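In the text below, chain A, chain B and the rest are named by the order of the sequence lines, each starting its count at 1. This is a predicted model, so every value here is computed, not measured.
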Amino acid sequence: MAGTTTPQAPAAAGQTRRSRRLRHGWATPYLFILPFGVLFILFFIVPIFYAIDQSFYKTQRNGLGLGAATTAFNGLANYHDVFTDGAFYASVGRVLLYGIVQVPVMLGVALGLALLMDAAAIRFRNFFRLAFFVPYAVPGIIAALLWGFLYDPQLSPIVKGIRSIGFGSFDLLGSGTILWSIANIATWGWTGYNMLIIYAALQAISPEIYEAARMDGCTALGVARYIKIPLVAPALVLTAVFSIIGTLQLFNEPSVLRAISNSISSSYTPNLYAYNVGFGDNNYYYAAAIAVVLALVTFIFSFGFLRITQRQAGV
Amino acid sequence: MPSSFRARWLRRLAVGIALTSLTVASATPLSARAQHSRATVNLTIWSWVPKLDTAVAVFNSTHPGIHVTWDLVPALGFYPKLETALKGHNAPDLAQVEFQALPTFESTGSLVDLSKYGASSYRSKFVSWTWNQVSLGKAIYAIPQDTGPMAMYYRKDIFDKYHIAVPKTWAAYAAAAATLHKANAKYYIADFSPSDPGNFAGLVWQAGGRWFRINQQAQAWKVGINDPASKQVAQFWQGLLDKKLVRTDPGFANGWYHDAQTGGLCTWISAVWGANTIMVNAPNTKGDWRVAPMPQWKAGQHVVGNWGGSTTVVTADSKHPKEATLFAEFLNSNLKSVDKMVTGAQIYPALTGGQDLQSVNAPMPFYGNQDINRVFQNESRYVDTSWQWGPTMVQVYTDWQDGAGNAASGKTTLPQVLDQVQQSTIAGMKKQGFSVQQ
């Protein structure tokens, strides 16, 4: 009937126009991601698969070996070697010990600074926000080099100052202290970064909650303890996961300080070990196996931590 | 897809492909185009030797059909970079390779045998142990460039002040160590650097140790890192470490330079190129240092070790191995070219004729006007010619560094370190498939 079909026709025409517009714009988000995506796949994903592939081979030589070597399939033998390698276990143990101490300390300081900056009575907030972030802006290698000067017993004003006060001299690069000297460098560099993440999370809290708490007679410290910290728990979990991943991949500081300290071996951290095996011993295949196992360990620890905290915080 | 939309997409795709292919086409190497137009052979050499372009220019000006370009690649990370390039088949035509790294590169199979292009005729021009180290049977894998004969740099002013005679034997050296440190607790006879395995290898070289031997019949390696001579050297320095008569600062780092400047090390058993290191990093000690021969194990003996020295190799990726060999030979044997390298980089030539060059021999004001290179020239005649490097020297050196670091901290002893390095080297070589004779 004419009366019923006419209103349908404009509606149908509008629908095709809308769906045409939808289908017209379907590719736009992918186009925006494309440059990053291509580079990500080329320089991140492909090398990972290449490394996994390389970890199943070994070099084969005979006699004096002073000619080209052949590559042979080695199955899981490289992985068996990694799991029976004392140096690898020692390096993983070392970074775990480092992480257990350094991550809570650093996040504790970051949380404290973020809470202080969020306090109502603070002055020069922008100045402090910048000042705490500046150490992160210094490139890691340069920071390690500068700290190397501050740690070197012959050149360090810190060591000289402590000696002049009368506490005797102690070796910041010695075998008992080098791990914590490295932890110090990392803490200085990353506290500001983590603080900013936590501070941003604090800004997202609605001020009405604070008003309600104040009306209930809560002190500033109480507000921090019972309201702010629980509400920034997701940000804390995020920074903790990043820190765990970064700790397990520790490379910059030991590699720079190795030139001035006798206490950093070539297998001090798993990444340093993989680097030296790959580029020193030219055993790329074994280095690939070490790297894959390290990635698995990092995966287990970071996701394990996420799972535990999710269960507890109910996030 | 609506047709106008598809058409727009196809147009964009076509433009994109056209642009990409244009960029790719215009990126053809300059040398390839030059080759078509001028038929010059273009070669590249990777080297960390400063001011090498002055020596390269001598070659370029006398060889119109060949043009060599020098790529300054810093020493730090040089070998990993070269190995990666060789693996990727885009290595330069020529490269600088030190003697101890030669077997490692020979085992990549990527070095050209220069005897095919007549390099054997250059044998007599070079110091004999250098030619031994670049040859393997009849094959020649490199042309020697410079050497590092060792001697003892010492602080004449401090020795004179405490009436210490320049030690001629290692026993006298140990006695001098005790006397010096007792006289002034700030002064130490030397610094034992756990980061310089090459220095230790040079001392073992002098003592007659042989870390690697080749058994041609069995086509196998014999590893002797903990052989008696090496243990003798290790025990000597462990003794000094135990009595705290030497410092343990890692070499070529700020603490070590500070030692050189302040008497924290009053002698340095080092190579000819160390003269520059002291000059540059301990400028306040101008006029205080002199050079004397290394202490000997037996009085009256005269044996010398070597630390460092490098060669020029031609890689298998070179498209012009004949011209590259010609350049390698010229660079290292033409007196004008060698002279440029001496003045530009203070190298000590492996070319016997080069050791008499004016630029090499001159009194040096920093060393109290002593012509120190004449001392090294004489010492260089007594360098043991039978030393052989192994195919995994980076691993040997790294393991030694780890162990020596522990010894410096008191956690182990140097003789034990040698045993550990022996084990790990044999295990490492066997794992990589090298035949090792036990």
Side-chain angles (χ1 to χ4, degrees), chain A residues 16 19-21 23-27 31 58-72 74 77-78 81 87 145 148-149 151-156 171 173-176 178 257-268 273 275-286, chain B residues 1-2 5 9 77 79-81 83-84 87 103-104 106-110 136 139 141 193-195 214-216 218-221 248-250 252-259 262 264 316 391-392 394-395 397-399 401-411 428-429 431-435:
Chain A
T16 13
S19 56
R20 200 186 294 142
R21 241 181 276 132
R23 276 187 282 153
H24 168 80
W26 72 270
L31 279 180
K58 67 167 183 193
T59 39
Q60 190 111 287
R61 294 191 158 90
N62 37 28
L64 287 176
L66 295 176
T70 49
T71 322
N74 205 14
N78 283 340
D81 289 339
L145 285 170
F149 278 103
Y151 286 152
D152 194 321
Q154 308 239 50
L155 305 167
S156 165
D171 192 5
L173 298 170
S175 49
I178 184 72
L257 290 181
R258 191 151 172 248
I260 60 169
S261 167
N262 292 329
S263 312
I264 299 181
S265 64
S266 61
S267 58
Y268 200 67
Y273 187 38
Y275 174 80
N276 281 318
V277 166
F279 293 104
D281 297 354
N282 299 328
N283 200 347
Y284 298 104
Y285 309 113
Y286 188 54
Chain B
M1 236 193 274
F5 183 58
W9 259 108
Y79 292 138
K81 188 173 174 162
E83 270 154 22
T84 323
K87 223 170 177 254
T104 308
E106 284 166 15
S107 68
T108 61
S110 307
L136 194 68
Y141 287 112
S193 165
S195 65
I214 291 183
N215 186 332
Q216 284 284 7
Q219 283 289 292
W221 290 91
T248 54
D249 299 312
F252 306 98
N254 295 306
W256 190 92
Y257 297 140
H258 189 251
D259 289 339
T262 57
T392 56
V394 179
Q395 167 264 316
Y397 274 9
T398 311
D399 288 349
Q401 281 172 329
D402 288 348
N406 284 336
S409 318
K411 290 200 221 135
M429 282 173 75
K431 227 193 184 89
Q432 288 206 45
F434 293 103
S435 293

Heavy atoms only, distances under 4.5 angstrom: which of [options] has the most pairs with chain A? Name it, please.
| options | value |
| --- | --- |
| B:Trp221, B:Tyr141, B:Phe252 | B:Trp221 |
| B:Gly255, B:Pro80, B:Ala139 | B:Gly255 |
| B:Ser435, B:Ala218, B:Ala407 | B:Ser435 |
| B:Ser107, B:Pro103, B:Gly433 | B:Ser107 |

Please look at [X] and chain A and tell me whether the side chain, the backbone, both or neither of the residue comes under 4.5 angstrom of a heavy atom of that chain.
| X | value |
| --- | --- |
| B:Lys87 | side chain |
| B:Gln432 | both |
| B:Ser195 | neither |
| B:Asp399 | neither |
| B:Thr84 | both |
| B:Thr104 | side chain |

- Message: Tell me if a side-chain donor or acceptor on A:Asn262 pairs with a main-chain N or O of B:Pro194 at a distance below 3.5 Å.
- Response: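 Side chain of A:Asn262 to backbone of B:Pro194: no pair is present.
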
- Option passing side chain to side chain contact (heavy atoms under 4.5 Å, CB included) with A:Gln154 (candidates B:Asp249, B:Thr262, B:Asn254):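 Of the listed options, the one satisfying the test is B:Asp249.
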
- Task: Could you point out which residue of A:Thr59, A:Asp281, A:Asp81 forms a side chain to side chain contact (heavy atoms under 4.5 Å, CB included) with B:Lys431?
- Result: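 With B:Lys431 as partner, A:Thr59, A:Asp281, A:Asp81 yield a single side chain to side chain contact (heavy atoms under 4.5 Å, CB included), made by A:Asp81.
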
- From B:Thr108 atom OG1 to A:Asn282 atom CG, the distance as rounded to the nearest 0.5 Å: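 Reported to 0.5 Å precision, the distance equals 8.5 Å.
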
- Query: Does a donor on one side chain sit under 3.5 Å from an acceptor on the other, for A:Ser266 and B:Asp402?
  - Reply: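 B:Asp402 and A:Ser266 do have a side-chain donor-acceptor pair below 3.5 Å.
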
Side chain from CB out, backbone as N, CA, C, O: work out which of these in [X] comes under 4.5 Å of a heavy atom of chain B, or both, or neither.
| X | result |
| --- | --- |
| A:Tyr286 | neither |
| A:Ile260 | both |
| A:Tyr268 | neither |

- Looking at A:Phe279 and B:Glu83, what are the two nearest heavy atoms and their distance?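 Where A:Phe279 meets B:Glu83 most closely, the heavy atoms are O-OE1, 4.3 Å.
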
- Message: On a heavy-atom basis, which atom in A:Ala259 and which in B:Ala253 lie closest, and how many Å separate them?
- Response: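 Between these two residues, the closest heavy atoms are O-CB, 3.8 Å.
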
